[in-house]
Engineer: 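My questions all concern the structure below.
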Amino acid sequence: MMYCTPAEQRKARVSHRCTNCGEAIEVGTEYVRWASYDDGKCFTNKMHPECIASLEEESDFGEYTLYGGERPSGEA
């Protein structure tokens, strides 16, 4: 059974990679972070706010491909 911690809004102190689109989350920018636990494995998710908002609009948000999404246009 999968468990996820509550999502937190953070400001990047170091560069990260968005787990949805694979693009950089630059130092000083806002991002959303949460941890997922499944079958004894832990994974930390970090996404641009616009990436997670786009996924939340889809009905199957819990299922996304690591680095396989597209960053919504209009945000750089």
Side-chain angles (χ1 to χ4, degrees):
M1 180 171 180
M2 179 181 274
Y3 170 76
C4 295
T5 62
E8 302 175 334
Q9 187 84 19
R10 294 198 172 184
K11 185 178 273 192
R13 293 182 287 166
V14 297
S15 182
H16 298 289
R17 187 173 177 192
C18 177
T19 55
N20 178 57
C21 70
E23 292 183 23
I25 298 171
E26 301 295 338
V27 173
T29 60
E30 298 280 326
Y31 69 99
V32 181
R33 177 189 183 278
W34 73 97
S36 302
Y37 302 93
D38 191 21
D39 280 339
K41 297 176 187 169
C42 177
F43 184 77
T44 302
N45 301 277
K46 298 171 186 163
M47 288 188 191
H48 298 107
E50 62 272 16
C51 286
I52 194 167
S54 176
L55 287 172
E56 286 175 340
E57 290 176 7
E58 299 174 13
S59 61
D60 59 347
F61 170 66
E63 301 292 324
Y64 70 93
T65 303
L66 184 63
Y67 308 128
E70 290 187 27
R71 189 170 181 186
S73 62
E75 301 289 330

Engineer: Hey, what do you get for CD (Glu70) to SG (Cys21), rounding to the nearest 0.5 Å?
Structural biologist: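 These two atoms lie 9.5 Å from each other.
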Engineer: Which heavy atom of His48 sits nearest a heavy atom of Ala24, and at what distance?
Structural biologist: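 Heavy atoms only, the tightest pair is NE2-O, 3.0 Å.
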Engineer: Any pair with a residue in residues 5-17 that passes salt bridge (charged side-chain N to carboxylate O under 4.0 Å, His left out), sequence neighbours left out, goes on the list, sorted by first then second residue, please.
Structural biologist: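 As it turns out, the salt bridge (charged side-chain N to carboxylate O under 4.0 Å, His left out) pairs with a partner in residues 5-17, which skip direct neighbours, are Glu8-Arg10.
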Engineer: In the structure I gave you, are the side-chain heavy atoms of Pro72 and Cys51 within less than 4.5 Å of one another anywhere?
Structural biologist: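 With C-beta onward as the side chain, the pair touches.
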Engineer: Closest approach of Val27 and Ser15, non-hydrogen atoms and distance?
Structural biologist: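 Taking Val27 first and Ser15 second, the nearest heavy atoms are CG2-N, 3.6 Å.
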Engineer: Just how far is it from atom CE of Met47 to atom OG1 of Thr19, taken to the nearest 0.5 Å?
Structural biologist: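 Reported to 0.5 Å precision, the distance equals 3.5 Å.
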Engineer: Where do Thr44 and Arg33 come nearest, in terms of heavy atoms and distance?
Structural biologist: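 It is CG2-NE, 3.7 Å.
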Engineer: Looking at every heavy atom in both Pro49 and Val32, which two are closest together, and how far apart are they?
Structural biologist: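 Closest pair (atom of Pro49, atom of Val32, distance): CA-CG2, 4.3 Å.
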Engineer: Listed by chain and number, what are the side-chain contact (heavy atoms from CB on, under 4.5 Å) partners of Thr5, not counting sequence neighbours?
Structural biologist: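 Thr5 satisfies side-chain contact (heavy atoms from CB on, under 4.5 Å) with Tyr3, Trp34, Ala35, Tyr37 once adjacent residues are dropped.
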